[in-house]
2 protein chains.
Amino acid sequence: MELEKVRPKSGRAVKMTDIARIAGVSSSTVSRALADHPTIPEATRTTIQALAREHGYVVNRAARNLRQSQTQTIAVAVPLGHEREQLISDPFFLRLFGHLADEISQRRYDILLVREPSPDAHWLGRLVQSQRADGFIIVGQSDQHQALNLAARDYRPLVVFGSELPDQIYCSVGSDNFEGGRLATDHLLRSGRRRILFLGPAELPQIDLRLDGYRQAIGDHGLSVDESFVLPAHFTGPSAHDAVRDLLARAVEFDGIFAASDGIALSAIRALESAGMRCPDDISVVGFDDSDLASQSHPALTTIRQDVPGIAATIVDHLFRRLEGEGTYSSTLPVSLILRESAPG
Amino acid sequence: MELEKVRPKSGRAVKMTDIARIAGVSSSTVSRALADHPTIPEATRTTIQALAREHGYVVNRAARNLRQSQTQTIAVAVPLGHEREQLISDPFFLRLFGHLADEISQRRYDILLVREPSPDAHWLGRLVQSQRADGFIIVGQSDQHQALNLAARDYRPLVVFGSELPDQIYCSVGSDNFEGGRLATDHLLRSGRRRILFLGPAELPQIDLRLDGYRQAIGDHGLSVDESFVLPAHFTGPSAHDAVRDLLARAVEFDGIFAASDGIALSAIRALESAGMRCPDDISVVGFDDSDLASQSHPALTTIRQDVPGIAATIVDHLFRRLEGEGTYSSTLPVSLILRESAPG
DNA sequence: GCGGTTTACGCAATCGATTGCGCAGTTGTC
DNA sequence: GACAACTGCGCAATCGATTGCGTAAACCGC
């Protein structure tokens with residue numbers, strides 16, 4: 001490729017008054033014509049629109065945003081409180097984001113992705129105030145519960161992906177994590193497993209609910225939870241693998257694993273395999289999410305499916321209803337157990 | 001959750017003149033103080049900054065953008081010319097996007113995701129003119145070559161993810177697709193395979209180069225390409241699966257597959273399996289990308305690794321150099337063969 | 001203590017589109 | 001033919017921050 005010459009911006013960008021001059025009208029008329037304002041007669045409108053197209057004119061969004069105090073943009077904000085790398089390494093987030101983006105752009109809004117590496121109590125307030133977007137979707141309820149409550153007190157177009165928590169005033173949308181945890185664990189118990197590990201970052205509200213479901217299922221079967229079987233593990237990195245390896249090294253006996261994500265489940269299975277155990281023959285494993293990995297891995301993962309497209313659609317639906325001034329309740333979407341090889345029926 | 005009362009925006013948002021009044025200075029001074037302008041003495045600066053923080057003041061970005069004609073935003077634009085669903089269903093795109101987002105936000109820029117469902121010759125020009133972003137990254141060179149050339153003629157901060165094509169004036173960054181195709185096919189040939197399918201959407205420039213590499217390798221081994229072995233297949237959907245199934249149904253003999261993506265490879269392997277063939281015993285398969293799926297699937301995929309973090313870093317680096325007024329050449333990044341089970345050494 | 005320099009900050013224009021209000025010209029009504 | 005209503009469009013204010021230029025006060029050296 002030829003190295004292009006660096007040249008100054010070719011002249012001045014064409015603006016509305018230019019079109020106005022050419023059309024022999026005022027810029028007010030051009031503005032109204034381009035906005036399909038009904039007070040401008042059809043004929044004038046089409047003439048001006050044609051002229052604008054011909055000259056490659058496009059409304060300057062910065063100017064319009066300022067004047068109208070709205071941006072036709074929805075921000076998807078990710079507070080990276082607990083896991084710095086969440087965004088790039090978490091396939092679940094990326095999938096959700098993809099669907100959110102689809103829903104939003106179908107409504108002719110732009111999508112602004114905002115990462116907040118060091119959220120404090122007011123990051124959301126600042127974000128809202130900066131007027132970069134008309135509404136906000138927060139992915140990563142995690143440790144932001146208070147900041148979210150604070151912001152939701154006087155800002156309405158805000159929807160959070162996450163669970164419904166006790167003292168919550170913001171609107172959240174998420175899966176039925178409790179039921180997911182219960183389903184997964186119940187399935188393991190029904191298939192005869194008795195000593196079941198829980199693997200996951202229980203400090204996150206959504207995961208904690210999965211853990212609650214796990215406890216519930218165990219209780220329902222007349223058993224009691226062995227707290228040493230509840231192990232922390234991160235979505236990424238080797239923590240799940242290491243935890244399982246250490247357990248096996250200490251000859252702790254268990255016959256099932258409920259992992260808080262498919263990634264954690266696979267990581268655990270790899271640890272089992274390298275210790276000579278087999279899944280599902282020796283140990284059954286149930287994951288969470290039903291990501292692409294779940295169906296393609298070996299063994300294929302039994303897992304709890306989250307309805308990602310449904311979640312995205314609901315979030316965006318709530319958000320736009322709020323943009324219209326409506327109030328919306330939080331929503332919890334159903335999950336389902338997907339049976340595959342790693343924990344057969 | 002309690003349904004919150006819909007209340008009007010609490011008063012008026014605090015603006016710069018408010019801070020100015022409180023501080024007893026002019027808004028010019030506040031502006032300069034907040035921008036850490038050196039003509040404002042340290043003491044005044046910190047006072048004003050403290051005041052702003054205390055009152056929760058944040059600069060209105062729309063106003064700033066208009067005045068400065070810059071947005072501190074990079075747009076990632078995806079023309080959905082050929083595959084409508086590309087964004088949400090393509091894990092490769094999402095992974096690349098994640099890394100791009102990281103690189104961009106590290107430079108304290110925001111990320112605007114723009115989907116263009118129906119690109120025409122001028123969509124990029126319109127996008128650029130709308131002044132929504134300071135620079136653009138285009139993902140999906142696909143059928144946009146001419147539109148890209150057109151836009152690059154007088155707009156510089158523009159970098160394209162894709163291959164270097166003959167009459168190209170825009171700056172592109174991508175993997176060495178030709179070498180990837182050659183490596184993959186050469187590996188199959190060296191392991192004794194002779195009748196190798198190519199599966200992929202060769203209408204895309206990057207894929208076409210992989211096909212060129214495939215042809216080259218076959219030629220290098222003194223064989224000639226059987227054009228009936230070059231089969232179209234989409235990244236998503238059942239086309240790869242169906243193509244392989246039909247071939248097997250017609251009893252066409254082949255012993256290797258080079259697939260243009262890991263997803264296509266897996267889809268092909270599933271088709272082999274349902275026809276009672278085994279991979280790699282009967283047929284070796286090589287994929288492309290080295291996605292998460294490749295290492296977790298069964299059989300684990302031999303594949304060509306694209307350096308996604310490297311690509312993202314290079315794209316963003318080029319873009320910011322261009323923002324500074326520098327010219328940059330197109331870049332091609334190396335790929336490597338990752339040996340796994342589906343096509344053992 | 002005086003001319004000259006520096007410091008600290010304000011005035012007012014500016015970015016480009018939108019929009020409330022009003023005016024001129026036309027049409028309609030009796 | 002007089003008056004009202006309506007149509008089509010322009011004037012000028014506005015959105016909120018930034019910034020070139022100017023000026024008053026402070027400071028400096030001799």
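Below, read A as the first sequence line, B as the second, and so on, with proteins coming before strands; counting in each chain starts at 1.
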* To do: Ignoring backbone atoms, establish whether A:Thr44 has a side-chain N or O less than 4.0 Å from OP1 or OP2 of D:dG8.
  => no
* Looking at A:Asp18 and A:Arg21, does any basic side-chain N land under 4.0 Å from a carboxylate oxygen? -> yes
* Asked: Just checking B:Ser28: base, sugar-phosphate only, or nothing, at a heavy-atom cut-off of under 4.0 Å?
  -> base
* Which residue lies more 5' along DNA chain C, comparing A:Thr29 with A:Lys15 via nearest heavy atoms -> A:Lys15
* Which whole-number value in Å describes the distance from B:Arg45 CZ to C:dC9 C1'? -> 14 Å
* For the student: nearest non-hydrogen atoms of B:Ile311 and B:Leu96, plus distance -> CG2-CD1, 4.1 Å
* Less than 3.5 Å between a donor and an acceptor, one on the side chain of B:Arg67 and one on the base of C:dT14, is that the case here? -> yes
* When the nearest nucleotide of DNA chain D is assigned to B:Ser31 and to A:Gln68 on a heavy-atom basis, which residue is associated with the more 5' position? -> A:Gln68
* **Residue B:Leu66, side-chain heavy atoms: nucleotide from C:dA17, D:dT18, C:dG16 that is nearest** => C:dG16
* Asked: Which heavy atom of B:Arg322 sits nearest a heavy atom of B:Arg156, and at what distance?
  -> NH1-O, 3.0 Å
* To do: Please indicate whether A:His145 has more than 12 foreign heavy atoms, meaning atoms of other residues, nucleotides or ligands, lying under 6.0 Å from its NE2.
  => yes
* Asked: Where the side chain of A:Pro41 is defined as all heavy atoms beyond and including C-beta, which of D:dG16, D:dA17, D:dC9 is the nearest nucleotide?
  -> D:dC9
